[in-house]
Each structure stands twice: as structure tokens, then as C-alpha cells.
Amino acid sequence: MKSLLIVLFVTVSSMTTFGQEASKMNGTYEGYINGVYVFSNHEDSKTEFTKVTSEVIANYDLNSQKFVGRQFSITFTVDSEIDEDDKEVQVSTITGLLMPI
């Protein structure tokens, strides 16, 4: 039983990002453009995501044209990272993606 709890804890921990608050938005997928995943909202404001988790890519191949123009509910996190020029940049990662029926 103790082993099962440890395995469950490790599994949940690897799927969760500590210290990051997830945000949500709805948007229309515009495509994978210049190395970022682009979504627009109802006001035609564009949001770019640098990364997508492997779980999301397993369900939605965002590198193809298949989902362009489709509506999604997007869960994401925003992190600060240091780039190659030692500048702090914001990196947005899609952690969850649902397409309404």
C-alpha cells in the first residue's frame, strides 16, 4: 500500500507544476506560426504560446493544419526564463487543451 501511495504521489507531482498558477482562456487556433502556437480571442487579440506539454500534443497535433480555425478552452502557465542573451523572457506553456463539442 505504501508503495502504491509513493507511485501515485510521484505521478501526480510530475504532472503538476509547483509554484505556478494555471490560467485559462478561450480562443480560436490560428496555427503554428514562426515557432509559436497562436490563438485569437473574440476581440481578435492574439496570444502566443511557446511550449505545449506532450500530453496536449498527444491529443491535438497543433503542428498540422487540422485544428486551424477551431475553438479551444486553453489552460496555460507563464514562467520566466533567461534567454541566450541573459535577458528574462516570459514563456507561456499550454498545459491543457479542450475542444468544445
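Scanning all heavy atoms of the two residues, the minimum distance from Val38 to Glu48 falls at CG2-CG, 4.1 Å. Taking every heavy atom of both residues into account, Gly31 and Val68 meet most closely at CA-CG2, 4.0 Å. Shown here for Pro100 and Ser73, the closest heavy-atom pair between the two residues is CD-N, 4.5 Å.
Put simply, CD1 on Ile94 and OG1 on Thr53 are 8.5 Å apart, with the number rounded to the nearest 0.5 Å. Distance check, rounded to the nearest 0.5 Å: CZ of Phe39 to CD1 of Ile74 gives 4.5 Å. Once rounded to the nearest 0.5 Å, the distance linking OG of Ser40 with CE of Met25 reads 8.0 Å. Expressed to the nearest 0.5 Å, how far CZ of Arg70 lies from OG1 of Thr28 amounts to 11.0 Å. With rounding to the nearest 0.5 Å, the separation of CG in Asn63 from OH in Tyr32 is 6.0 Å. Leu97 CG to Leu62 CG: the interatomic distance, rounded to the nearest 0.5 Å, is 6.0 Å.
Between Tyr60 and Phe67, the ring-plane angle classifies as perpendicular under the 30° and 60° cut-offs. Using bins of under 30°, 30° to 60° and over 60° for the plane-to-plane angle, the ring pair Phe72/Tyr29 lands in the perpendicular bin.
Surrounding CG of Asp83 are more than 12 heavy atoms belonging to other residues, nucleotides or ligands, all under 6.0 Å away. Within a 6.0 Å sphere centred on CD of Gln71, heavy atoms belonging to other residues, nucleotides or ligands number more than 12. The environment of NZ in Lys46 is crowded: more than 12 heavy-atom neighbours from other residues, nucleotides or ligands sit within 6.0 Å.
Inter-residue side-chain proximity for Ser54 and Ile57 is flagged as unmet; no heavy-atom pair is nearer than 4.5 Å.
Hydrophobic clustering (side-chain heavy atoms under 4.5 Å, transitive across Ile, Leu, Val, Met, Phe, Trp, Tyr) groups Val52 together with Val78.
The backbone N or O of Ile82 lies less than 3.5 Å from no partner atom in the side chain of Asp86, so there is not a single donor-acceptor pair. Remark: side-chain polar atoms of Ser64 are paired, donor with acceptor, to backbone N or O of Lys66 under 3.5 angstrom.
No hydrogens or angles considered: a donor-acceptor pair under 3.5 Å links the side chains of Ser80 and Gln90.
One finds a salt bridge joining Lys51 and Glu81 here, because a Lys/Arg side-chain nitrogen approaches an Asp/Glu carboxylate oxygen to under 4.0 Å.
Residue Val91 belongs to a hydrophobic cluster whose other members are Val89, with links defined by side-chain heavy atoms closer than 4.5 Å.
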